[in-house]
Enquirer: 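Here it is: the structure, laid out below.
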Amino acid sequence: MIQSPLLPHTAGYIAGRWTGAQSGKTLAVINPATGEKLADVPSMGAAETTQAVEAAAGAFADPPAIELRRAWLKAIGARMLEHKRELGRIITLEQGKPLAEGVTEAEYAAGFFAYFADQLHHLEAQVLPQMIRNCRWTVHHRPAGVAATITPWNFPLAMMAKKIAPALGAGCTIVTKPASQTPLSAIAFWTIAEAVGVPAGRMNLIIGSAGPVSDVLCSHPAVRIISFTGSTEVGSILMNKAAPHIKRLALELGGNAPFLVFDDASIDAAADGLLANKFRAAGQTCVCTNRVYVQQSIAATFTDAVAERVRKLKVGNGLEEGIHLGPLIDRDGWDKVHAHVTDAIERGARRIVGDDPPRPRPRSDWGAFYSPTVLANVTPDMRVCREETFGPVVAISTFTDEADAVRQANSTQYGLAAYLYTADRARAERVTAQLQFGHVGVNTGTGPTSEAPFGGFKQSGFGREGGIEGLLEFCEPQAVAMG
Ligand code: ADP
């Protein structure tokens, strides 16, 4: 079982109290690398969620000044940095990613608190310069109300931080549901928030089964906004559930990121950028490259450069030294990746790197290590091109010219992240303007940052996280005409 100074409790948090499930039911949290049980956490349902929403609605009636909200954000961010190693260790234990990535995630998550603490002046009332219809007009940014957040397991701390920091900064009160596989990062975060002195009811944590919890979050009249990160399928379910109640939604959904390499690009820089991007969290992020398109004349050279690098990657328990990739989150994840690779090979792809079989199929929901794989001769009919693989597979296709590159990159219902490598700045600008993706990396594989808005086009969702846009997501603008 896990021991941590940040986990004195392994429970939910409602109205300022650590709380178990009324039913007494628990969920086991499993280390995906070893199968060790880390903790039993409460499995809460509709009754506890209703209590949490009511606590949040009660706290909303007592609005704190901007200065106080700024102080909370700064203090939470600072304490997260103080505890980044322990937060990183908890992330690695429950999620599986290498420890260095866990610590980086803690720093990234803390960055959202520091950033939004410095942006709250954007919420101050603005008086319009001109009198209109004999009135003085003022625009306020009121907090939207109770904000519900639902987050996935691939960045158990950061995905939550992106939502909680702006929601708390805007003056919303919060009910959070983390993924059932990774609730310990959320609990550790709550320990920090409690120590900072955020008042009872302002931040509530529910751990439990998604259906009943989200039924309440989508229908309770006090919840005004639901901010969700996860699959497009679940995003659609939430839209349907929330539709009769006209709730605001911010949805960060699946991706199918293309990575374009033009013939004038530096092959080494592109291969390094691809590796850094593709293998983060063992390929289980929504901004990880899913499809690589290389200009025909350099396809063989680029594929060799990538293969050489991928052969050196070490897979194992993320707590061990020198590990580049941990396990996939569970056997379902492993099965999906393997089905994609098998489908590609049956349809004519060539496996350049990767064991066959990659390892014996994991016996249960742990130990789902998948060998890093490189596939060449990938074509658009293959599942690796059409769907998000969410695993350590580099799928390489080719393109003929700029128009073909743009056409293939955009040939998906998703529109979250895209990357391109070229030495020609004019081409980079032309291509970027045509890419239907919310985040574009030019000569870099870097993902989002707290300072810039991040979100999807098309079926990757709507709403933005980070940047001023991410703060305004949790506000209702109110125009006041003073006669
Ligand atoms: P992933 O494929 O990343 O696990 P999911 O969309 O399945 O993405 O899960 C993301 C979050 O959504 C998790 O917190 C999960 O518990 C929650 N979730 C899963 N199914 C539902 C559902 N039917 N309604 C509401 N939330 C759900």
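In each ligand, atom 1 is the first atom listed, and ligand 1 is the first ligand listed. Just so you know, residue 1 is the first one in the sequence shown, and it goes up from there.
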Enquirer: Side chains of Ser214 and Lys241: is there a donor and an acceptor less than 3.5 Å apart?
Expert: yes
Enquirer: Tell me the nearest of Thr232, Val234, Asn154 to atom 20 (N) of ligand 1, using heavy-atom distances.
Expert: Val234
Enquirer: Does anything in residues 85-107 pair up under ring pair (Phe, Tyr, Trp, His ring centres under 6.0 Å), and if so which pairs, sequence neighbours excluded?
Expert: none
Enquirer: Please list, in number order, the atoms of ligand 1 under 4.0 Å from a heavy atom of Thr229.
Expert: 10 (C)
Enquirer: Would you check if there is a donor-acceptor pair between the side chains of Thr229 and Lys163 at a distance under 3.5 Å?
Expert: yes
Enquirer: Using a strict threshold of under 4.0 Å (side-chain N to carboxylate O), is an ion pair present between Glu473 and Arg464?
Expert: no
Enquirer: Relative to the heavy atoms of Ile150, which atoms of ligand 1 are at a distance of less than 4.0 Å?
Expert: 11 (C), 12 (O), 14 (O), 17 (C)
Enquirer: What atoms in ligand 1 come closer than 4.0 Å to a heavy atom of Gly230?
Expert: 6 (O), 8 (O), 10 (C)
Enquirer: Of the protein's non-hydrogen atoms, which lies at the shortest distance from atom 14 (O) of ligand 1, and what is that distance?
Expert: Thr151 O, 2.7 Å
Enquirer: Quick one: does Val213 get a heavy atom under 4.0 Å from ligand 1?
Expert: no
Enquirer: Assess the residue pair His324 and Phe279 against the criterion (ring pair (Phe, Tyr, Trp, His ring centres under 6.0 Å)); give the C-alpha distance rounded to whole Å, side-chain angles, the decisive distance to 0.1 Å, and a yes or no.
Expert: CA-CA 8 Å; His324 301 105; Phe279 292 97; 9.3 Å; no
Enquirer: Using a 4.0 Å heavy-atom cut-off, which part of Ser231 comes near ligand 1: side chain, backbone, both, or neither?
Expert: both
Enquirer: For a quick test of reading the model, state the closest non-hydrogen atom pair linking Val310 to Pro372 and the distance between them.
Expert: CG1-CB, 3.6 Å
Enquirer: In the protein, which heavy atom is nearest to atom 25 (C) of ligand 1, and how far is it?
Expert: Ser214 OG, 3.1 Å
Enquirer: Touching ligand 1 at all, Phe390? Heavy atoms, strictly under 4.0 Å?
Expert: no
Enquirer: How far is atom 4 (O) of ligand 1 from the closest protein heavy atom, and which atom is that?
Expert: Trp153 NE1, 2.9 Å
Enquirer: Just to confirm my output: which protein heavy-atom neighbour is closest to atom 16 (O) of ligand 1, and how far is it?
Expert: Lys177 NZ, 2.9 Å
Enquirer: What residue and atom, counting heavy atoms only, is the protein's closest point to atom 27 (C) of ligand 1, and at what distance?
Expert: Ala210 CB, 3.2 Å
Enquirer: Starting from atom 23 (N) of ligand 1, what is the nearest protein heavy atom, named by residue and atom, and what distance separates them?
Expert: Ile237 CD1, 4.0 Å
Enquirer: Using a 4.0 Å cut-off to any heavy atom of Ala179, which atoms of ligand 1 qualify?
Expert: 14 (O)
Enquirer: Hey, can you pull the donor-acceptor pairs under 3.5 Å for the side chains in residues 87-98, sequence neighbours left out?
Expert:
from	atom 1	to	atom 2	distance (Å)
Arg89	NE	Glu86	OE1	3.1
Arg89	NH2	Gln3	O	2.7
Arg89	NH2	Glu86	OE2	2.9
Thr92	OG1	Gly88	O	3.1
Thr92	OG1	Lys97	O	3.0
Glu94	OE1	Leu184	N	2.8
Glu94	OE2	Leu184	N	3.4
Glu94	OE2	Ser185	N	2.8
Glu94	OE2	Ser185	OG	2.5
Gln95	OE1	Lys97	N	3.0
Lys97	NZ	Glu105	OE1	2.7
Lys97	NZ	Asn154	O	2.9

Enquirer: Indicate whether any N or O donor in one side chain lies under 3.5 Å from an N or O acceptor in the other, for Tyr414 and Glu388.
Expert: no
Enquirer: Just checking, is any N or O donor in the side chain of Lys162 or Tyr108 under 3.5 Å from an acceptor N or O on the other one?
Expert: yes
Enquirer: Protein heavy atoms: any of them under 4.0 Å from atom 12 (O) of ligand 1?
Expert: yes
Enquirer: Answer yes if the ring centres of Tyr419 and Tyr293 are under 6.0 angstrom apart, and no otherwise.
Expert: no
Enquirer: What atoms in ligand 1 come closer than 4.0 Å to a heavy atom of Leu238?
Expert: 25 (C)
